Amino acid sequence: MKKFDSVIVGGGMVGLTMAVAVARSGFSVAVIDSADLSKTATKNFDGRVSAITLTSRRILENIGVWAGLKENAGPISHIRISDGDSHLFLDYDAKMISDEPMGHIVENRFIRENLLAAAREYPNLEIFAPAHYEKITYHPEQVEVSVNGATILAKLLIAADGKKSKIAAQAGIKPVIRDYGQDGIVCTVRHEKNHQNTACERFLPAGPFAILPMQGGHHSSLVWTEKRALTPLFLQMDNENFTREVEKRFGNYLEKLEVIEPRFSFPLALYHAKRYISHRLALIGDAAHSIHPVAGQGLNLGIRDAAVLAELLIGQRNLGLDLGSSIMLEKYQDLRKGDNLLMMSVTDGLNHLFSNSIAPLKLARDIGLAAVNKTPPIKKFFMLHAIGAIGHQPKLALAG
Ligand SMILES: Cc1cc2nc3c(=O)[nH]c(=O)nc-3n(C[C@H](O)[C@H](O)[C@H](O)COP(=O)(O)OP(=O)(O)OC[C@H]3O[C@@H](n4cnc5c(N)ncnc54)[C@H](O)[C@@H]3O)c2cc1C
């Protein structure tokens with residue numbers, strides 16, 4: 001029998017952020033993951049990058065993870081949004097809101113590797129992986145989890161087990177699900193010209209096509225939203241034909257392109273848990289909400305969930321209060337649900353509004369893009385929202 005302050009099921013990027021955030025404040029914490037976590041930090045595990053916003057970067061800095069990441073992080077100083085071949089566009093310049101880049105593009109493998117390395121530094125953080133929990137019992141004063149023949153007792157169970165969370169389902173928490181019928185095709189391209197730290201989002205009839213500037217200037221990661229029925233065709237195509245398809249969508253503004261294998265694809269769906277909490281249970285990250293990657297925000301929302309919950313747990317401990325109290329859990333839900341719902345509706349709306357070529361709609365949205373581009377206060381608001389600076393800012397998100 002082992003006793004911990006909290007037990008986290010799911011050692012993905014959000015679960016490990018949570019674990020490190022509380023372990024560094026002296027909490028004892030167990031992390032259970034069914035995967036071998038060292039394998040999830042390898043190049044071929046998911047091939048994705050994440051756009052880490054300024055707020056998430058500060059959180060990662062404050063928990064001691066950013067220092068190891070920064071040499072592999074490509075800054076984003078501009079974002080250009082365009083609608084197909086329209087000459088009207090929206091251009092964000094980081095200087096409008098801060099001296100810092102709006103965010104950084106980092107390969108997920110580096111984020112996982114550094115989070116794992118940080119987690120391993122804390123003797124008060126124990127990782128059970130690969131391991132499957134067998135049974136969870138919610139008692140009035142604690143929660144009991146049996147895993148690998150051991151029994152774990154904790155004050156709070158934190159579910160970070162990703163989209164379609166089994167823990168949420170077992171606790172009777174129902175999700176709202178909307179399948180987009182789209183996949184995100186992901187690959188890396190090398191290009192002749194330097195990207196100048198500019199991220200591009202092109203809205204094409206099948207869905208958004210994002211070009212994300214990676215560290216070094218001559219590589220970008222693509223997130224190409226495509227109708228699911230067509231994904232196998234693009235995944236199986238030989239490299240020459242696939243490169244031609246990429247070029248059609250990418251354009252030639254960075255001159256000659258070379259696609260670097262492998263390619264990956266991810267089914268896209270909106271998923272939102274109706275409640276983030278239950279008795280001695282909190283959901284964080286994709287276990288609570290999974291959104292369209294059009295704005296590169298899913299992980300950022302999860303990192304903010306972790307920072308807010310860590311702050312509330314520290315507050316409870318400082319006052320000698322129960323770490324699984326329902327009042328604290330209600331507060332967590334109140335602080336996070338609005339922020340997550342707002343981003344969810346923005347990404348859902350953008351995907352719907354732009355993923356078509358209906359002429360009057362195209363005209364209206366192009367005028368909209370150009371109008372926002374010429375209205376600095378609205379532009380600024382959108383930028384602050386995009387970097388995670390609107391809404392409750394946990395202490396961990398403040399500049400150190
Ligand atoms: C194409 C694409 C591009 C994206 N780009 C961005 C971006 O640029 N910026 C951004 O912020 N977000 C982005 N996202 C979203 C982001 O990837 C996710 O929000 C994020 O990975 C969620 O992390 P998580 O730790 O909550 O969940 P997951 O990464 O799903 O981790 C869940 C963990 O739980 C474990 N697990 C699952 N079930 C169990 C179980 N029963 N027992 C034990 N362990 C279990 C899994 O092994 C895994 O390690 C993108 C998503 C896609 C699809």
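Count residues from 1 along the sequence. In this text, all values refer to a predicted model and were calculated from it rather than measured experimentally.
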Would you find a donor on one side and an acceptor on the other, under 3.5 Å apart, between the side chain of [X] and the backbone of [Y]?
X      : Y      : value
Asp348 : Met344 : no
Tyr332 : Leu283 : yes
Asp93  : Met96  : no
Arg280 : Lys155 : yes
Asp183 : Thr225 : no
Gln297 : Ala386 : yes
Arg263 : Cys187 : no

Using residues 25-32 as the side-chain source, report each donor-acceptor pair under 3.5 Å to any protein atom, sequence neighbours left out, with the distance given to one decimal.
residue : atom : partner : partner atom : Å
Ser28   : OG   : Asp5    : N            : 2.9
Ser28   : OG   : Asp5    : OD2          : 3.4

### Query
Is Ile284 reachable from Val20 through a run of hydrophobic residues whose side-chain heavy atoms are each under 4.5 Å from the next?
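Yes, Val20 and Ile284 fall within the same hydrophobic cluster.
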### Message
Assess the residue pair Gln316 and Leu312 against the criterion (side chain to side chain contact (heavy atoms under 4.5 Å, CB included)); give the C-alpha distance rounded to whole Å, side-chain angles, the decisive distance to 0.1 Å, and a yes or no.
### Response
CA-CA 6 Å; Gln316 290 292 107; Leu312 291 170; 5.6 Å; no
### Residues forming a side chain to side chain contact (heavy atoms under 4.5 Å, CB included) with Arg275, sequence neighbours excluded
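Here the qualifying residues are Ile173, Ser278, Gln333.
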Donor-acceptor contacts, no H, no angles, side chain residues 196-214, under 3.5 Å, sequence neighbours left out:
residue : atom : partner : partner atom : Å
Thr198  : OG1  : Gln196  : O            : 3.3
Arg202  : NH1  : Arg249  : O            : 3.1
Arg202  : NH1  : Phe250  : O            : 2.5

[X] atom [atom1], over 12 foreign heavy atoms within 6.0 Å:
X      : atom1 : result
Ile327 : CD1   : no
Glu255 : CD    : yes
Lys163 : NZ    : yes
Glu71  : CD    : no

### Message
His195 and side chain to side chain contact (heavy atoms under 4.5 Å, CB included): which single residue from Ile105, Leu254, Ile76 fits?
### Response
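Only one of Ile105, Leu254, Ile76 forms a side chain to side chain contact (heavy atoms under 4.5 Å, CB included) with His195, namely Leu254.
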### Task
Answer yes or no: is there an ion pair linking Glu245 with Lys248, defined by an N-O contact shorter than 4.0 Å?
yes
Partners passing ring pair (Phe, Tyr, Trp, His ring centres under 6.0 Å) against [X] (at least two apart in sequence or in another chain):
X      : value
Phe234 : Trp224
His219 : none
Tyr276 : His272

### Task
Kindly assign one of parallel, tilted or perpendicular to the pair Phe4 and Phe128, based on the angle between their ring planes and the thresholds 30° and 60°.
perpendicular
Check residues 133-143 and write down every donor-acceptor pair under 3.5 Å in which the side-chain atom is one partner and the other belongs to a residue at least two apart or another chain.
residue : atom : partner : partner atom : Å
Tyr133  : OH   : Gln170  : OE1          : 3.0
Glu134  : OE2  : Asn148  : N            : 3.2
His139  : NE2  : Glu144  : OE1          : 2.7

### Query
How does the hydrophobic cluster around Ile177 look, that is, which other residues are in it when side-chain heavy atoms under 4.5 Å mark a link?
Tyr271
### Task
List, by chain and number, the other hydrophobic cluster members for Met1, where Ile, Leu, Val, Met, Phe, Trp and Tyr join if side-chain heavy atoms come within less than 4.5 Å, directly or indirectly.
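Besides Met1, the hydrophobic cluster comprises Leu153, listed by chain and residue number.
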For [X] and [Y], which I'm curious about, is there any donor-acceptor pair between the side chains at under 3.5 Å?
X      : Y      : answer
Ser326 : His279 : no
His292 : Gln182 : yes
Asn239 : Thr243 : yes

### Query
Can you tell me how far OG1 of Thr40 sits from CG of Leu115, rounded to the nearest 0.5 angstrom?
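Here the rounded value is 10.0 Å.
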### Task
Could you list the residues that satisfy salt bridge (Lys or Arg N to Asp or Glu O under 4.0 Å) with Lys193, not counting sequence neighbours?
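Here no residue qualifies.
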### Task
Would you please indicate if the ring centroids of Tyr92 and His78 are separated by under 6.0 Å?
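Not close enough - the centres of the two rings lie 6.0 Å or further apart.
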### Query
How would you list, by chain and number, every residue that makes a side-chain hydrogen bond (donor to acceptor under 3.5 Å, both in side chains) with Asn300, sequence neighbours excluded?
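So Asn300 forms a side-chain hydrogen bond (donor to acceptor under 3.5 Å, both in side chains) with Thr53, Ser56.
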### Message
Tell me which pairs pass salt bridge (Lys or Arg N to Asp or Glu O under 4.0 Å) where either residue lies in residues 335-347, with sequence neighbours left out.
### Response
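Listed once each, the pairs are Arg304-Asp339, Asp305-Arg336, Arg336-Asp339.
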